[in-house]
Amino acid sequence: MPLYDQEALEKFRLSGKILRETREEMRGYVHENMPIIEICEKTEGLIRQKGGKPAFPCNVSINEVTAHYTSPPGDTSTIPPNSVVKVDLGVHVDGYVTDTAFTACFNPEYASMTETAQIALKAAIDTVTDGVSPSKIGGVIETTIKNRGFKPISNLCGHSVGRYLIHAGASIPNVHQVTFGKLRAGEIYAIEPFVTVREAYGAVDDAPQKTIFRLVKTKSTKSPQAKQLLKYIEDNFRTLPFAERWLQGVLPKEQHYDAFKELITTKAIMGYSVFVEITKKPVAQAEHTVLIKEKGCEVLT
Ligand code: MN
Ligand code: MN
């Protein structure tokens with residue numbers, strides 16, 4: 001039984017096409033010393049121009065920062081020279097989510113590490129077919145990375161995607177570990193190996209900073225401003241992640257800070273911690289979204 005009808009699959013395919021085109025345009029756009037916010041806004045703008053919506057804020061994660069950083073409003077930070085820059089982007093078309101990432105490497109020392117993320121992703125994709133276990137794919141990713149002299153990030157996973165869902169419940173590990181269930185034809189997964197150097201610990205931890213948020217519950221708010229902001233979030237993003245940047249102009253500037261803070265403190269919305277490699281070693285990432293077939297898979301991105 002396919003999980004999605006033909007119409008839904010076409011929306012996933014369109015979502016993936018928009019994402020692929022955007023990723024390839026962004027590959028040539030990212031350079032050293034440029035403001036990070038320009039990368040975020042350019043990516044999200046291209047997605048909208050092409051008829052999609054960002055499924056989450058464009059993540060720009062530098063060196064040991066592994067995931068979940070997007071520019072806060074007015075971000076002045078720039079791409080440092082000699083850095084390893086992961087750009088992770090997502091699109092939804094009518095809720096149908098696809099997810100991809102690439103790494104721009106400005107340090108020749110980490111070129112092989114960056115290439116390894118792509119090679120591990122390719123090896124994983126070549127393993128995907130109906131009935132394969134997530135642990136087998138994790139094993140292929142781990143072995144591929146280790147054979148090239150690097151180390152996988154063990155506590156970040158690929159994930160099934162769905163309608164208005166970026167993490168739809170099932171995971172694909174980046175190491176060989178015991179998992180339950182199997183991949184089935186008709187399911188859609190994002191596969192995303194993260195690679196670091198051999199001497200790193202090979203796992204991420206939460207950093208205090210939070211730049212990406214999502215709705216938790218629509219509850220009664222104290223101030224009318226918080227209520228208005230929450231309604232905007234619900235109407236525009238549902239439960240998909242959003243950036244504080246995307247709320248600019250909803251309220252007068254002087255009212256925004258308190259209203260946003262109220263939504264955080266009352267847990268109407270939650271923030272995702274930025275992930276940092278525990279030993280502060282640089283990390284590279286590659287990611288595609290694939291549709292599982294009876295034989296093999298279709299790369300949507
Ligand atoms: Mn991603
Ligand atoms: Mn992902």
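Positions are given from 1, in the same order as the sequence printed here. This one's a predicted model, so the numbers in the text were calculated from it and none came from an experiment. Ligands are counted one by one from 1 in listed order, and the atoms in each one are counted from 1 as well.
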Asker: Shortest non-hydrogen contact from Asn174 to Ile153?
Answerer: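 Heavy atoms of Asn174 and Ile153 come nearest at CB-O, 3.7 Å.
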Asker: What pair of heavy atoms forms the shortest contact from Arg184 to Asp130, and how long is it?
Answerer: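 Looking at all heavy atoms of both residues, the closest pair is CA-OD1, 3.3 Å.
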Asker: Check all N, O or S atoms of Glu287 and name the one closest to the Mn ion (ligand 1).
Answerer: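 Looking at Glu287, the N, O or S atom with the least distance to the Mn ion (ligand 1) is OE1.
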Asker: The Mn ion (ligand 2) as vertex, arms to OE2 of Glu192 and OD2 of Asp99: angle to 10°?
Answerer: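 My answer is 170°, to the nearest 10°.
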Asker: State whether His159 contributes an N/O/S atom found under 2.8 Å from the Mn ion (ligand 2).
Answerer: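 Short answer: yes, at least one N, O or S atom is under the cut-off.
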Asker: Starting from the Mn ion (ligand 1), look over the N/O/S atoms of Asp88 and name the nearest one.
Answerer: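 In Asp88, the heteroatom (N, O or S) nearest the Mn ion (ligand 1) is OD1.
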Asker: Using 0.5 Å steps for rounding, measure from the CD atom of Glu38 to the CD1 atom of Ile79.
Answerer: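 One gets 10.0 Å once the value is rounded to the nearest 0.5 Å.
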Asker: Apply side chain to side chain contact (heavy atoms under 4.5 Å, CB included) to Phe150 and Arg198, showing your working.
Answerer: CA-CA 5 Å; Phe150 295 98; Arg198 204 191 337 220; over 6 Å; no
